[in-house]
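Let me begin by presenting the structure, written as structure tokens, before commenting on it.
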Amino acid sequence: MIGILTIKERFMPTKSSAPLIAANWKMYKTLPEALDFMEKVADQVEKSNTDIWLAVPFTLIRDVAEKAKGTRLKVGAQNMNDASQGAFTGEVSAEMLKDAGASFVVLGHSERRNYFHESNTFINRKVKRALAEGLDVILCIGESYQDHNEGMIEAKLSEQILESLDGVSPEQFEKIVIAYEPVWAIGTGKAASSEEVSDESTLIREIIAENWGKNVSESLKVLYGGSVDSDNAKDYLAKKNINGLLIGSASLNVESFVRIISET
Ligand code: PGA
């Protein structure tokens, strides 16, 4: 009933409860390709009940954001620098992202951690800068194959969360989404099972509850990413504590993307 909130609702931050489907386009698509994709998915996007976020290359942000105006699509970036400005050749600031039309940024992706040697401390500075500029953040965390086999999942996730989110206030969690992306599942075709992801989502919430409180943990959105495709997507979304997906290769193709958003 409109206007009357239950006790639980009164103490929970008002956050959309729709599943969140985030596309990570990585280093793919030229502008004509991106606009063609947008046209082809437009009808399905309109019919969908999900929140749909597109993390696109820097070069596409302005045009894709323009095209997404008035739709349920939100456009963001895949990385940024932690400084507000300066002599940092090749880098892009949070303010520049906002100026181009981005409303969120993906931080801590394992490809950034592995290929560009990004540490939790560096990611933490970026998270704080993004929040200070009013951007939403998708923070990626996940254990390596070795950590996975050596029983180090909890230790790794806990270290990544505590160090990457150090100094972030409970209130600021309203702008944070955590994507659990085990490194061994990304781009390998070996997706983690929905049971496994559900267990790790519970673990992530326990770590958050211990450090930022139960309310923050309960309203936090936890996504799964790693070889999600149009066949397995619904298994994850059927789990109560998996709030959405971060999708790489299957988000590049119109058919598979449309299938995924139409099933949610
Ligand atoms: P993938 O990538 O879906 O191609 O495995 C996911 C990601 O890197 O976010």
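Counting convention: from 1, in listed order, for ligands and their atoms alike.
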List of N/O pairs, ligand 1 versus protein, all under 3.5 Å?
{"from": "ligand 1", "atom 1": "2 (O)", "to": "K26", "atom 2": "NZ", "distance (Å)": "3.3"}
{"from": "ligand 1", "atom 1": "3 (O)", "to": "G248", "atom 2": "N", "distance (Å)": "2.9"}
{"from": "ligand 1", "atom 1": "4 (O)", "to": "S249", "atom 2": "N", "distance (Å)": "3.0"}
{"from": "ligand 1", "atom 1": "4 (O)", "to": "S249", "atom 2": "OG", "distance (Å)": "3.4"}
{"from": "ligand 1", "atom 1": "5 (O)", "to": "G187", "atom 2": "N", "distance (Å)": "2.7"}
{"from": "ligand 1", "atom 1": "5 (O)", "to": "S227", "atom 2": "N", "distance (Å)": "2.8"}
{"from": "ligand 1", "atom 1": "8 (O)", "to": "K26", "atom 2": "NZ", "distance (Å)": "2.7"}
{"from": "ligand 1", "atom 1": "8 (O)", "to": "H109", "atom 2": "NE2", "distance (Å)": "2.6"}
{"from": "ligand 1", "atom 1": "9 (O)", "to": "H109", "atom 2": "NE2", "distance (Å)": "3.2"}
{"from": "ligand 1", "atom 1": "9 (O)", "to": "E181", "atom 2": "OE1", "distance (Å)": "3.2"}
{"from": "ligand 1", "atom 1": "9 (O)", "to": "E181", "atom 2": "OE2", "distance (Å)": "2.7"}

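In this structure N211 satisfies the side chain to side chain contact (heavy atoms under 4.5 Å, CB included) test together with L162, I207, sequence neighbours excluded. Evaluation of the side chain to side chain contact (heavy atoms under 4.5 Å, CB included) rule for E33 yields K29, T30 as partners, not counting sequence neighbours. Residues meeting the side chain to side chain contact (heavy atoms under 4.5 Å, CB included) test with S249, sequence neighbours left out: none.
Between R259 and E255, none of the side-chain N atoms (NZ, or NE/NH1/NH2) sits under 4.0 Å from a carboxylate O, so this pair counts as no salt bridge. Using a 4.0 Å cut-off between charged side-chain N and carboxylate O, K239 and D199 make no salt bridge. A salt bridge between K74 and D51 is absent, with no side-chain N of the basic residue lying under 4.0 Å from a carboxylate O of the acidic one.
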